[in-house]
Amino acid sequence: MAENYDIIVVGAGHAGCEAALAAARMGCQALLLTLNLDAVAQMSCNPAIGGLAKGHLVREIDALGGEMARNIDATGIQFRVLNTKKGPAVRASRAQADRDLYRARMKQVVEAQEGLDLKQGQVISLVVEGEGVAGVETRDGLRFLAPTVILTTGTFMRGLIHVGLSHYPGGRAGEPPSEGLSDQLRTLGFDVGRLKTGTPPRLDAATIDFSVLEEQPGDPVPKPFSADTLGLDRPQVPCHITYTNERTHEVIRGGLDRSPLYSGVIEGVGPRYCPSIEDKVVRFPEKDHHQIFLEPEGLTSGEVYPNGVSTSLPVDVQLAYLRTMKGLERVEIMRPGYAIEYDYVDPIQLKPSLETKLLRGLYHAGQINGTSGYEEAAGQGLLAGINAVLQVKGREPVVIGRDQGYLGVLVDDLVNLGTKEPYRMFTSRAEYRLLLREDNADQRLSPLGREVGLLTDERWEKFSKKLVDLERGNERLRTKRISPGNHEALDRLGLQGLKNGASLEELLRRPEIGIGDLDFLDAELASFSQEVRSELETEIKYAGYIRRQQEQVERFRRLESLEIPEGFDYDTVSGFSAEVREKLKRVAPRTLGQAGRIPGVTPAAVAILTVFLRR
């Protein structure tokens with residue numbers, strides 16, 4: 001039995017849903033295969049979307065026409081903007097989700113999408129014909145055929161769960177692993193490695209004394225992620241904060257002999273920037289406490305997610321150290337925390353389109369590429385879906401530059417650097433982060449979303465109106481002036497010493513004046529949306545820094561514009577060291593700029609390559 005599709009997506013997590021939806025919305029017949037139809041878009045770890053740099057990714061997914069932002073807006077129970085006291089480049093949105101509602105809504109969207117079939121089945125192998133992929137086979141003996149396949153396997157490939165010194169196969173708690181696929185990938189020549197991640201125990205809310213804990217509410221006026229969301233008017237649920245203490249750390253240290261992490265049982269490399277609680281205690285012995293956020297799992301759920309105590313310690317040790325913390329003295333565990341090891345494929349074997357170099361038509365997205373996080377996965381899934389469709393249609397792939405989005409930084413890092421540990425996005429990874437703010441994600445990427453066919457007419461009209469409003473706002477700020485004789489206005493703004501007239505733009509450059517302070521001077525300026533006004537203020541106050549980064553981008557683009565022919569023979573270039581030659585061959589960069597970002601490729605080597613290419 002065989003069925004034919006244009007695109008097959010394996011795995012219905014955050015990457016798989018975005019890939020499959022993009023494929024169908026762009027006009028292809030797509031199939032989404034998952035191990036469990038009841039776990040579509042499951043939030044395996046924390047029940048939240050966004051955060052530092054991750055919020056930027058969600059906005060970019062929305063700007064391109066993806067689904068994640070709309071889904072969290074519809075199912076979020078607390079919304080906050082982080083880093084509000086810092087500069088606009090590092091401000092980021094984050095929202096707590098109702099875990100069950102998030103999963104249920106995304107499944108509903110997938111099921112309702114025209115041109116997309118959702119089926120349950122465990123893929124055990126790829127169908128390979130010549131140098132390309134031709135479909136997949138399932139454990140049930142079914143064969144589904146397609147010229148493009150996107151693997152979004154998450155933590156399921158040879159997944160192994162650890163709780164203390166006990167371990168058992170599983171893709172996540174309560175679900176089986178995927179067997180056979182990574183063995184075939186290894187046979188095909190892929191560099192398959194092993195990584196580890198973990199999750200904390202889930203706590204019974206009825207056994208927590210919230211009255212003694214610090215409450216963390218959402219923002220008074222919650223801000224949605226998606227430009228399609230008109231507003232968020234539902235009540236928000238608070239989170240709470242507690243702390244570990246020296247007694248907590250003593251209990252953890254006493255249980256390390258039964259930790260799979262410290263007894264050599266776990267082979268995979270864990271996330272450096274999201275360590276387990278035992279890792280924190282061992283690696284940072286000088287710290288006498290660690291902050292723990294108690295996050296509700298949903299409006300009707302009695303489970304609480306203790307963010308910050310990911311662990312693989314035995315359940316009795318988990319319970320003992322939790323009960324040393326304020327408010328948790330009588331806590332009960334509903335689900336134990338665990339670590340999970342899984343197979344991934346080194347992303348250095350990918351093209352910037354996320355198609356594999358070894359097998360035509362095969363794309364990888366999400367944790368199979370060594371990344372961690374729902375947002376990183378969803379972004380890769382969206383790009384892989386777009387590029388798979390473009391390949392089916394015989395068009396050139398989309399590659400987002402480092403100056404265009406965090407999505408570009410993410411993919412560029414993966415394909416140039418590879419990874420030996422779970423990769424997580426940070427604002428510090430983006431050298432042009434002042435240009436890559438949350439507020440201008442639509443200006444950077446919506447034209448591309450429209451070009452590939454993912455933005456609706458209604459959404460495009462809304463975006464076009466925003467551009468018009470920004471231009472009108474800039475015009476008002478440039479042309480509207482205040483005279484030194486307007487004493488009432490000067491007193492109100494605290495500018496009694498102003499001797500010459502000034503435009504509103506010049507006034508707004510002053511650090512003590514915000515755009516809201518100028519509303520009384522210009523009714524049209526006051527009529528714009530808060531989103532437009534905020535962006536106008538940022539662009540004016542940071543104009544010098546923005547201009548400097550734009551100049552850096554121009555220099556960067558000159559290097560990116562010099563393309564390296566496909567199949568270029570690096571053995572013909574004299575002057576390279578053996579290390580440089582080997583790295584250039586392995587990565588096969590598309591441009592001179594990409595070559596220069598490969599670790600170990602020296603500026604001297606780039607100069608030699610530049611001269612050779614220009615000949």
Side-chain angles (χ1 to χ4, degrees), residues 13-14 36 38-39 41-49 51 75-78 94-104 154-155 159 161-164 166-168 170-175 196-210 213 216 237-244 248 251-252 255 259-261 271 274-280 290-340 372-374:
H14 304 280
N36 183 357
D38 296 324
Q42 179 79 283
M43 302 181 106
S44 307
C45 200
N46 63 314
I49 294 293
T75 60
I77 58 178
Q78 190 203 86
R94 186 178 190 271
Q96 290 295 128
D98 184 306
R99 184 191 299 274
D100 290 338
L101 288 178
Y102 188 94
R103 174 184 51 77
T155 60
I161 290 174
H162 297 267
V163 182
S166 301
H167 56 267
Y168 55 91
R172 58 183 163 226
E175 296 185 60
K196 174 199 83 87
T197 189
T199 190
R202 305 309 198 270
L203 312 181
D204 184 349
T207 63
I208 298 173
D209 184 0
F210 292 104
L213 298 178
Q216 185 189 58
V237 177
C239 296
H240 291 81
I241 299 172
T242 188
Y243 298 87
T244 66
T248 315
V251 173
I252 290 168
S259 163
L261 194 63
C274 188
S276 64
I277 187 62
E278 51 265 41
D279 242 359
K280 291 179 188 176
H290 296 279
Q291 191 174 54
I292 310 300
F293 292 92
L294 301 178
E295 303 171 346
E297 295 257 316
L299 296 174
T300 59
S301 172
E303 293 182 68
V304 170
Y305 180 95
N307 195 335
V309 289
S310 170
T311 187
S312 58
L313 287 165
V315 181
D316 61 306
V317 180
Q318 294 182 34
L319 186 61
Y321 77 64
L322 285 166
R323 287 183 172 179
T324 65
M325 298 183 219
K326 186 177 181 180
L328 305 184
E329 291 86 355
R330 297 181 180 180
V331 76
E332 292 290 345
I333 291 175
M334 296 181 76
R335 307 183 202 217
Y338 61 87
I340 182 167
S372 68
Y374 310 142

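When reading the values below, keep in mind they use all heavy atoms of this one structure, side chains included, and skip hydrogens, waters and symmetry mates. Along the sequence shown, the residues carry numbers beginning at 1.
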(message) Checking Val237 against Gln96 for the side chain to side chain contact (heavy atoms under 4.5 Å, CB included) test, could you report, in this order, the C-alpha distance in whole Å, the side-chain angles of both residues, the deciding distance, and whether it holds?
(response) CA-CA 9 Å; Val237 177; Gln96 290 295 128; over 6 Å; no
(request) For Asp100, enumerate each residue passing the side chain to side chain donor-acceptor pair (under 3.5 Å) test, keeping only those at least two apart in sequence or located in another chain. (result) none
(request) With sequence neighbours left out, write down each residue that passes side chain to side chain donor-acceptor pair (under 3.5 Å) with Thr197, or none if nothing qualifies. (result) none
(message) Once side-chain contact (heavy atoms from CB on, under 4.5 Å) is applied, do any residues pair with Asp38, and if so which ones, sequence neighbours excluded?
(response) Asn36, Lys107
(request) Could you pull out all residues at least two apart from Tyr243 that satisfy side chain to side chain donor-acceptor pair (under 3.5 Å)? (result) Gln291
(request) State the CG-OG1 distance between Leu322 and Thr242, to the nearest 0.5 angstrom. (result) 10.0 Å
(message) Restricting to non-hydrogen atoms, name the atom on Val315 and the atom on Pro336 that form the minimum distance, rounded to 0.1 Å.
(response) CG2-CB, 3.7 Å
(message) Atom NZ of residue position Lys326 - does it have more than 12 heavy atoms of other residues, nucleotides or ligands inside 6.0 Å?
(response) no
(request) With sequence neighbours excluded, tell me which residues meet ring-ring contact (aromatic ring centres under 6.0 Å, His included) with Tyr374. (result) His14
(request) Please name the pair of heavy atoms, one in Leu313 and one in Ser259, separated by the smallest distance, quoted to 0.1 Å. (result) CD2-CB, 3.6 Å
(request) For residues Pro200 and Val309, report the shortest heavy-atom separation together with the two atoms involved. (result) CB-O, 3.5 Å
(message) The criterion is salt bridge (Lys or Arg N to Asp or Glu O under 4.0 Å); which residues satisfy it with Glu332, sequence neighbours excluded?
(response) Arg323
(request) To the nearest 0.5 Å, tell me how far Ile292 CD1 sits from Asn307 CG. (result) 8.0 Å
(request) Would you mind listing every salt bridge (charged side-chain N to carboxylate O under 4.0 Å, His left out) that reaches into residues 302-319, with sequence neighbours excluded? (result) Arg258-Asp316, Glu303-Arg335
(message) Could you check whether any side-chain heavy atom of Pro260 comes within less than 4.5 Å of a side-chain heavy atom of His167, counting everything from C-beta outward?
(response) no
(message) On a heavy-atom basis, which atom in Val331 and which in Thr207 lie closest, and how many Å separate them?
(response) CA-OG1, 3.3 Å
(message) Run Ile333 and Leu203 through side chain to side chain contact (heavy atoms under 4.5 Å, CB included) and show every step you take.
(response) CA-CA 5 Å; Ile333 291 175; Leu203 312 181; 4.3 Å; yes
(request) Locate the shortest heavy-atom distance separating Pro201 from Thr311; write the atom from each residue and the value. (result) CD-CG2, 4.0 Å
(message) Checking Ser44 now: which residues fulfil side-chain contact (heavy atoms from CB on, under 4.5 Å) with it, not counting sequence neighbours?
(response) Gln42, Arg172
(message) Would you compute the distance between atom CG of Leu101 and atom CG of Leu299 and round it to the nearest 0.5 angstrom?
(response) 6.5 Å
(message) Main chain of Cys45, side chain of Thr199: is a donor-acceptor contact present, judged purely on distance under 3.5 Å?
(response) no
(message) Applying side-chain contact (heavy atoms from CB on, under 4.5 Å), can you list everything that pairs with His240, at least two apart in sequence or on another chain?
(response) Phe210, Leu213, Glu215, Pro238, Leu294
(message) What's the separation between atom CD in Glu295 and atom CD in Gln78, rounded to the nearest 0.5 Å?
(response) 8.5 Å
(message) Could you work out, with salt bridge (Lys or Arg N to Asp or Glu O under 4.0 Å) as the rule, every residue matching Glu278, not counting sequence neighbours?
(response) none
(request) Looking only at non-hydrogen atoms, find the nearest pair between Val163 and Gly337 and report the distance. (result) CG2-O, 3.8 Å
(message) Taking salt bridge (Lys or Arg N to Asp or Glu O under 4.0 Å) as the definition, give me every residue that meets it alongside Arg330, ordered by chain and number, with sequence neighbours left out.
(response) none
(request) Starting at OG of Ser276, measure out to NZ of Lys196 and round the result to the nearest 0.5 Å. (result) 5.0 Å
(request) Kindly write out the residues that satisfy side-chain contact (heavy atoms from CB on, under 4.5 Å) with Ser166, not counting sequence neighbours, or none if the list is empty. (result) none
(request) Measure the CG-OH distance between Asn46 and Tyr305 for me, rounded to the nearest 0.5 Å. (result) 4.5 Å
